[in-house]
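Beneath this line is the structure, given in structure tokens, with notes to follow.
In what follows, chains are A, B, ... by sequence order, proteins preceding strands, each numbered from 1. Side chains included, hydrogens not; waters and symmetry mates left out as well; all remaining heavy atoms used. Model, not experiment: these values are computed from the prediction.
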There are 2 protein chains.
Amino acid sequence: MAIDPIDISEEMTTFKEKLLDKGYKSTPQRDELVKWMFTSHEHFTADDVTEYFRSKGNKVSTATVYRVINLLLEFGLLIQHDFGKGAKYFEHILGHEHHDHLICINCDQIIEFVDNGIEKLQERICKKHGFKIKSHSLKIFVECTKKNCEYRSKD
Amino acid sequence: MAIDPIDISEEMTTFKEKLLDKGYKSTPQRDELVKWMFTSHEHFTADDVTEYFRSKGNKVSTATVYRVINLLLEFGLLIQHDFGKGAKYFEHILGHEHHDHLICINCDQIIEFVDNGIEKLQERICKKHGFKIKSHSLKIFVECTKKNCEYRSKD
DNA sequence: GTATGTGCAAAACGTTTGCAAGTTC
DNA sequence: GAACTTGCAAACGTTTTGCACATAC
């Protein structure tokens, strides 16, 4: 799939500002990793990142990958998902309106969708219970229609 | 909190029938563990179970606890949740209509709620995308109002 | 020059598995 | 007694951490 390049220069600036703000330093590793994560069009795991850089011949240590991810989470520039597939999945927030996910229980397919009904529902429920909303996560587990996915459509 | 005892005898029978059905055997460990899980009014982790039995002086091995949990999941008598708190949480299905969760991001409080709007929403979305619904999970992350929970209400 | 970041290997965590000994049917 | 279950410890996959060395400011 062709990647239509997003302009991430503004967000890179935000990132660097946040770094300095907190007394952290700008390094080539952080730059490269953050650039990759901001440009990624998919949900990715820590391992995806490491593997990508390894395959390009640029070694990054797992530790650094996780440290950068945690930095971005702290800055609110990355969102974490738990799709029940073992590892955590991440996704940057650039130009993404809030969305939820359809997850195939058999294969790795994850589809995003947006539905305004949920936002209203969420507000209604939190108002009723008197809590302060921070975020929500709606996952609908489905069986998808990919050809390579029929293998467990028993029951 | 006083526990109002539920009658689980019917479900214990179901459990034993399913065991025999699949050529598995009934053992004292399974009985005790399943009884505890069916009687539990809370979401629990594998560790909660192990700890409970240890504290009572009845040793159970972690392996057996996990094996029983997986058995109940296989039988559809237990539901698994991922609340982003590290370990998996489990909950029996007895007398529980489907519900979703409010999760405090700071403390361990998890509140259940029922809202019919979600069911309709779920159907609408799956119909639109042409997938077969298996289940859904709506989690609303909030900050709760427990006294022991104010400690991270900054930002 | 000091504080912070990196990479490595080791540890930590929740969960699963191989195997010898014990139980159930 | 054949098949299944248990408990232990070892293995697992993901994520974190301690530490010596390297880098940014």
>> I'd like to compare against my own output: the B/S/- annotation of nucleotides 16-25 of chain C with a strict under-4.0 Å heavy-atom distance to protein.
In response: BBB-----BS

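- The shortest distance between side-chain heavy atoms of A/Q29 and A/V68 does not fall below 4.5 Å.
- In this entry the distance linking CG of A/D82 with C1' of C/dT15 reads 14 Å, nearest Å.
- A nucleotide of DNA chain D counts as in contact with chain A when one of its atoms lies under 4.0 Å from a heavy atom; the first and last such, 5' to 3', are D/dT14 to D/dC25.
- Hydrophobic clustering places A/M37 together with A/M12 (ILVMFWY residues linked when any side-chain heavy atoms are closer than 4.5 Å, directly or through intermediates).
- Considering only heavy atoms from C-beta on, B/E11 stays 4.5 Å or farther from B/H92 through its side chain.
- In the helix from C/dG1-D/dC25 to C/dC25-D/dG1, the rotation axis of the first five pairs and that of the last five pairs differ in direction by 20°, rounded to 10 degrees.
- Look at CG on A/L71: it is 14 Å from C1' on C/dT6, rounded to the nearest Å.
- The side chain of A/T64 contributes an N or O atom lying less than 4.0 Å from OP1 or OP2 of C/dG7.
- The interatomic distance linking B/D47 (CG) with C/dT15 (C1') rounds to 12 Å, in whole Å.
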Acceptor/donor pairs from residues 118-127 of chain A side chains to any protein atom, 3.5 angstrom cut, sequence neighbours excluded:
| from | atom 1 | to | atom 2 | distance (Å) |
| --- | --- | --- | --- | --- |
| A/Q122 | OE1 | A/H136 | ND1 | 2.7 |
| A/R124 | NH1 | B/D115 | OD1 | 3.4 |
| A/R124 | NH1 | B/D115 | OD2 | 2.5 |

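- Residues A/F44 and A/S40 approach most closely at CD2-OG, 3.6 Å, considering heavy atoms.
- Residue pairs that meet the salt bridge (Lys or Arg N to Asp or Glu O under 4.0 Å) test with at least one member in residues 61-73 of chain B, sequence neighbours left out, do not exist here.
- Pairing each heavy atom of B/F141 with each of B/F83, the nearest pair is CE2-O, 4.1 Å.
- Shown here for A/A46 and A/F90, the closest heavy-atom pair between the two residues is N-CE1, 4.2 Å.
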Side-chain donor-acceptor pairs under 3.5 Å in residues 13-20 of chain A, sequence neighbours left out?
| from | atom 1 | to | atom 2 | distance (Å) |
| --- | --- | --- | --- | --- |
| A/T13 | OG1 | A/S9 | O | 2.8 |
| A/T14 | OG1 | A/E10 | O | 3.1 |
| A/K16 | NZ | A/D31 | OD2 | 2.8 |
| A/K18 | NZ | A/F75 | O | 3.4 |

> Could you go step by step and tell me if A/D48 and A/T45 meet the side chain to side chain donor-acceptor pair (under 3.5 Å) rule?
Replying inline: CA-CA 5 Å; A/D48 291 338; A/T45 63; 3.2 Å; yes

